[in-house]
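In listed order, ligands and their atoms are each counted from 1.
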Amino acid sequence: MKRLGMGLVGPGFVGAHHIDAVRRLGFVDVVAVAASSEASARRKADALGVPKAYGSFEDLVADPDIHVVHNTTPNYLHVPVILAAFAQGKHVISDKPLATTVADARLLLDAANQAGVVHAVTFNYRGNPLVQQAREMIAGGELGAVHFIHGAYLQDWLLQATDYSWRLDPEKGGESSAVGDIGSHWCDLVQHVTGQRVVEVLADLTTVVGTRLKPSSSTEAFAQSGDEARESVRVHSEDLATILLRFEDGAKGSVSVGQVCAGHKNGLWFEVNGRRASVRWEQERQNELWIGRRDTANAVLAKDPSLLGPVARGYAHLPGGHQEAWADAFCNVMRDIYDVIAGRRPAHPRPPAFATFEDGYHSACVVDAVLESHRRGAVWCRVGAAVSKATA
Ligand SMILES: NC(=O)c1ccc[n+]([C@@H]2O[C@H](COP(=O)([O-])OP(=O)(O)OC[C@H]3O[C@@H](n4cnc5c(N)ncnc54)[C@H](O)[C@@H]3O)[C@@H](O)[C@H]2O)c1
């Protein structure tokens, strides 16, 4: 079988997981990483066991041994890195959010279509077997018509004034912080599971920690910073959001998003209520799917390939009782993407589970409508109606 070469730009927190995931596929060679300097690229390449190191993404995308470029840079670099990869005819797997404005996301979607290559955004929670089970149950009519889609994505890693990330700097993360960073995951996930797109939003955004003590050196996501020198900076982007949602087939919804909620580490959960039954999935208890019914007892479906639907079963790789986790779901998404790149027969009868730049563009439109709704005093805003300025 033909082997594929991958190169990764931005070897930080999530970049290491991209590398782990593709190594598990068996037919992908991790060829190179590119970081902001040659020295840091070499350091990262050695730590990750990657042969080549580049001090610039332009050099990495030009490497003829690389067929697929993974982009895991801070958000503001997504446009130049992805455009450079497309210019070399490379397939692109970008981490989310695809871009920080609608105009930039549109630019990238158009460029992807023009390049005629495979394009994907790593909305990785789609890859969990019980997420696919919920999707399969809804598509098969087991829940009946869906009328309510609700949940939350709560974390606490930005609770203290000494917590800092480039995500809080609008020049690097974009105008939105928590909603663009993790609210985008939640919205993508429920749209994927229900097959219904968000069409209108009403949002109330809050900045709980308005002044932060930024370390003078940069820290990677979730990293603890030490006693280094710090400067006091004002933060204007939201770290807490409450959003009402309307979906295209008439379902209503709501989501709470926050990165300042003590005790919540990666607390993503969603519930879908239909006329016949409900399902709820919690990322921190991801091997269980709660099924709610009116006339018979509720149930908790424990992940077990023999109990899952035919599509969802393809996303479970261990027998029942053997827990699967975040990195396994991440790998499932990579497997779907690389199957398409390699032209392999899809492992699953339904369309692959991964998000494309089309989904990344829609996600940017949702975030934009959330910002616009808040700006206008928490009024309903149509997704796609408000278009923010391009940075490119
Ligand atoms: N899918 C997920 O669950 C998930 C999780 C975390 C982050 N992300 C996304 O991944 C991206 C990276 O986030 P992170 O948390 O890994 O950030 P990070 O800060 O830990 O890593 C970013 C890396 O990019 C490098 N970098 C900076 N400038 C560069 C340049 N000019 N050229 C090459 N490399 C450069 C940095 O040195 C760092 O190693 C973001 O877009 C983020 O939203 C997604």
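At least one heavy atom of Trp166 sits under 4.0 Å from some atom of ligand 1. Using a 4.0 Å cutoff on heavy atoms, Tyr54 does not count as a contact of ligand 1. Between His17 and ligand 1 there is no heavy-atom distance shorter than 4.0 Å. Heavy atoms of Ser40 come nearer than 4.0 angstrom to ligand 1 in no pair at all.
Side chain to side chain, Glu248 and Gln196 fail the donor-acceptor criterion of an N or O pair below 3.5 Å. Using modelled atom types, one finds no donor on one side chain facing an acceptor on the other under 3.5 Å when comparing Asp239 with Thr207. Judged purely by distance below 3.5 Å, without hydrogens or angles, the side chains of Gln191 and His362 pair a donor atom with an acceptor atom.
Listed by number with element, the atoms of ligand 1 under 4.0 angstrom from any heavy atom of Thr122 are 1 (N). Set against the non-hydrogen atoms of His78, the atoms of ligand 1 under 4.0 Å away are 41 (O). Each of the atoms 28 (N), 29 (C), 30 (C), 31 (N) of ligand 1 lies under 4.0 Å from some heavy atom of Leu77. Counting atoms of ligand 1 from 1 in the listed order, those under 4.0 Å from a heavy atom of Val9 are 33 (C). Here is the list of ligand 1 atoms found below 4.0 Å of a heavy atom in Asn124: 1 (N), 2 (C), 3 (O). Distances below 4.0 Å separate heavy atoms of Pro74 from the following atoms of ligand 1: 22 (C), 24 (O), 27 (C). Heavy-atom proximity to His185, at under 4.0 Å, picks out these atoms of ligand 1: 1 (N), 2 (C), 3 (O). Each of the following atoms of ligand 1 lies closer than 4.0 Å to a heavy atom of Pro97: 43 (O).
The proximity of Arg167 to ligand 1, defined as any non-hydrogen pair under 4.0 Å, is limited to the side chain. At a 4.0 Å heavy-atom cut-off, ligand 1 touches Val14 through backbone and side chain alike.
No close placement of the Tyr125 and Phe270 rings is indicated, their centers lying 6.0 Å or farther apart. Taking the ring centroids of His18 and Phe330, they lie under the 6.0 Å cut-off. For His185 and Phe123, the ring centers are positioned less than 6.0 Å apart.
For Arg344 and Phe27, the positive end sits near the middle of the six-membered ring, less than 6.0 Å away and at most 45° from its axis.
The distance criterion of under 3.5 Å between nitrogen or oxygen atoms is met by Phe13 with respect to ligand 1. Residue Asn75 has at least one N or O atom closer than 3.5 Å to an N or O atom of ligand 1. Looking at Trp326 next to ligand 1, no N or O pair under 3.5 Å apart turns up. Of the polar atoms of Tyr76, none of the N or O atoms is found under 3.5 Å from an N or O of ligand 1, judged by distance alone.
Other residues, nucleotides and ligands contribute only 12 or fewer heavy atoms inside 6.0 Å of the CD atom of Gln114. Annotation for Lys52: atom NZ counts as buried by contact number, over 12 foreign heavy atoms lying within 6.0 Å. Annotation: Glu38, atom CD; neighbour count of heavy atoms from other residues, nucleotides and ligands within 6.0 Å does not exceed 12.
Between the choices Gly12, Ser165, Gly173, Ala16, the shortest heavy-atom distance to atom 38 (C) of ligand 1 belongs to Gly12. Among Leu98, Asp95, Asp181, Val333, the residue whose heavy atom lies nearest to atom 8 (N) of ligand 1 is Asp95.
The side chain to side chain contact (heavy atoms under 4.5 Å, CB included) test applied to Glu171 returns Asp169, not counting sequence neighbours.
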Can you give each donor-acceptor pair under 3.5 Å made by side-chain atoms of residues 1-16, sequence neighbours left out, with the distance rounded to 0.1 Å?
from	atom 1	to	atom 2	distance (Å)
Arg3	NE	Asp29	OD1	3.1
Arg3	NE	Asp29	OD2	3.1
Arg3	NH1	Gly26	O	3.1
Arg3	NH2	Asp29	OD1	2.9

